[in-house]
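One structure is given below, encoded as structure tokens.
Chain naming here is simple, since letters A, B, ... match the order of the sequence lines and numbering starts at 1 in each.
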4 protein chains.
Amino acid sequence: MSVNKVILVGNLGKDPELRYTPSGVAVANFSLATTETYKDRDGNRQNKTEWHNIVAWRQLAEICGKYLHKGKQVYIEGKLTTRKWQDRDGVDRYTTEIVADQMQMLGRAGEEGGGAPSPGGRGGNDGYAATPPARSGAAAVDTYEEPSFNPDDEIPF
Amino acid sequence: MSVNKVILVGNLGKDPELRYTPSGVAVANFSLATTETYKDRDGNRQNKTEWHNIVAWRQLAEICGKYLHKGKQVYIEGKLTTRKWQDRDGVDRYTTEIVADQMQMLGRAGEEGGGAPSPGGRGGNDGYAATPPARSGAAAVDTYEEPSFNPDDEIPF
Amino acid sequence: MSVNKVILVGNLGKDPELRYTPSGVAVANFSLATTETYKDRDGNRQNKTEWHNIVAWRQLAEICGKYLHKGKQVYIEGKLTTRKWQDRDGVDRYTTEIVADQMQMLGRAGEEGGGAPSPGGRGGNDGYAATPPARSGAAAVDTYEEPSFNPDDEIPF
Amino acid sequence: MSVNKVILVGNLGKDPELRYTPSGVAVANFSLATTETYKDRDGNRQNKTEWHNIVAWRQLAEICGKYLHKGKQVYIEGKLTTRKWQDRDGVDRYTTEIVADQMQMLGRAGEEGGGAPSPGGRGGNDGYAATPPARSGAAAVDTYEEPSFNPDDEIPF
DNA sequence: TTTT
DNA sequence: TTTT
């Protein structure tokens, strides 16, 4: 009876750390920046960056460890979790993390968002196959073309 | 170039707290539970509850303060933000909150999600002892309570 | 009491069409491809592409008309709407579109996803500022470093 | 490299139809209403309802068939797909559907969203005449009815 | 602290 | 066709 979903598009602040539990389960951690642009009271554009702690497990952890790196732009879908831990004084602390269910690399293949690209690697142009789309949800009778927008219409909302 | 979105469906743990900044801006705080059901290693069904700190501002704060209450099921859409504060030892602490952009009450109108609705209408305390909340994601040293909202603060965005 | 939300990350099949209503309101239309990779019964990787009709209004339409083009990768957030129209035989037809509320260009600035980049345009490298992140939601006492993952832990779910 | 996600909270217009492919795979279809409230030019509150075609497969189809019914409020997460079919004149038509990945019943358990719950339990028809649905996004020429699911079809993915 |  |  509940939903707990986070959707982020941002850039990695560092390369992911890939580790393993004693029983051999892969876990990757990385931080992801999202930046919001807003205008302050004086009308000046300001940026505010949020840093999100991302955790991935198992196969997704392996993929993150292998393909992601500092600066890379990714789409992350996951759930919010708060983890309790003790600091060195034995005081309870809480850390909020996003446990990733899905990750999609953005930008073009071979694209780097930052960091030092490995020499001799990445950077080619992959070519984008751009066949004309059959518009989804549209219906064409024979040669009839549905007007996707009728300039005589007014806005319906 | 980024997206920071949280989507939650859950139940309020308590009635929202509605307060105002010195300049009169409304702010509502409440915690929202989402519960996940999973099977443990022995195949037994287990529940895991996450508590989320929700903050709403301005008109949405007023609506939350007026219509939401303990147990109510809501849809929340918002963004993740981490707020820095100092505990009484002057140590930096961080609390992660969801700043709500949208709220939808779920279930049917007139429906109550929890507590014993006081006869003759809402507005009672529902028999709930209003102890100070231990906010998820927050860390309290000893008896120190993080101020979930400091009325002397101005809006940080 | 309801939610109608679509989230897409995909590539434009063509340049957007930007038009205006008689009263001068801007409207942009474009189709967006999302591609899913799956394995068929024989274990072979297959792609399935969906084409989505996107509509943007007003300022967002102007931005789409100005900055988007064939092949560009974008994030779209919007709502599903079904529009009724008549074909040349007077038969009712229905077209489902996504009315965009938000659009985010993905990939790096100056990046082209396809099509013929205009001569003399786009293509510089913007440089990515990569200062180390202060991990969101993490708390550090003095020099104490929270272990982001304790290898002695087992998976908590 | 793409994302195709739909998130809906709405009410079922009818009981789901649960059917099976020749090879025994369960498929459930139902339509879901989302209603938006807005103010028109004269400042009057207006409602606009969208109808969404939902399809669920396999175990989720069984659950939908068993627990959902007309009027029930649900959360649906899924992906947009457009299906091609021929009307009786052999003309290509397209119908947009949401293939559900996740469904959450909303409101409290035992709660009914519509109709008069038949005394002595669920399972009745709730007094609803089961006329064939005009599926949103579908186009019917004259009396021709698009088959919302052809039991001779196999699963297209 | 909620809810099922 | 739902719901508020």
Roughly, in whole Å, what's the span from CD in B/Q73 to P in E/dT4?
-> 9 Å

Can you find a donor-acceptor N/O pair under 3.5 angstrom joining the side chain of B/S31 to the base of E/dT1?
-> yes

Any donor-acceptor pair under 3.5 Å linking the side chain of A/D87 with the backbone of A/D89?
-> yes

Given atom NZ of D/K72 and atom P of F/dT3, what is their separation to the nearest angstrom?
-> 12 Å

Backbone N or O of D/Y94 within a donor-acceptor pair of the D/T82 side chain at under 3.5 Å?
-> no

Considering only heavy side-chain atoms of D/W51, the closest of F/dT2, F/dT4, E/dT2 is F/dT2

Under the 3.5 Å rule, do the base of F/dT4 and the side chain of D/T35 count as making a donor-acceptor pair?
-> no

Figure out the CG/P separation between B/L106 and F/dT4, and round it to whole Å.
-> 12 Å

When the distance from CE of D/M105 to C1' of E/dT3 is rounded to whole Å, what number comes out?
-> 14 Å

Please give, in whole Å, the distance from F/dT4 P to D/Y38 OH?
-> 20 Å

B/N47 side chain: which of E/dT1, F/dT1, E/dT4 is closest?
-> E/dT4

Using atom CG of D/N11 as one end and atom C1' of F/dT1 as the other, report the distance to the nearest whole Å.
-> 11 Å

Spacing between B/L32 atom CG and E/dT4 atom P, to the nearest angstrom | 14 Å

Could you check which of F/dT4, E/dT2, F/dT2 has an atom nearest any side-chain atom of B/K70?
-> E/dT2

Counting heavy atoms from C-beta on, name the nucleotide in F/dT3, E/dT2, F/dT1 closest to the side chain of B/T49.
-> E/dT2

Does A/N4 reach the main-chain N or O of B/T35 with its side chain, forming a donor-acceptor pair under 3.5 Å?
-> no

Any residue meeting salt bridge (charged side-chain N to carboxylate O under 4.0 Å, His left out) with B/K84, in chain and number order, not counting sequence neighbours | B/D92

How many Å lie between CG on B/L12 and C1' on E/dT4, as a whole number?
-> 17 Å

Look at all strands and tell whether D/T34 reaches a base, only sugar-phosphate, or nothing, counting heavy atoms closer than 4.0 Å.
-> nothing

Can you list the residues that meet the salt bridge (charged side-chain N to carboxylate O under 4.0 Å, His left out) rule with C/E77, with sequence neighbours excluded?
-> B/K5, C/K5

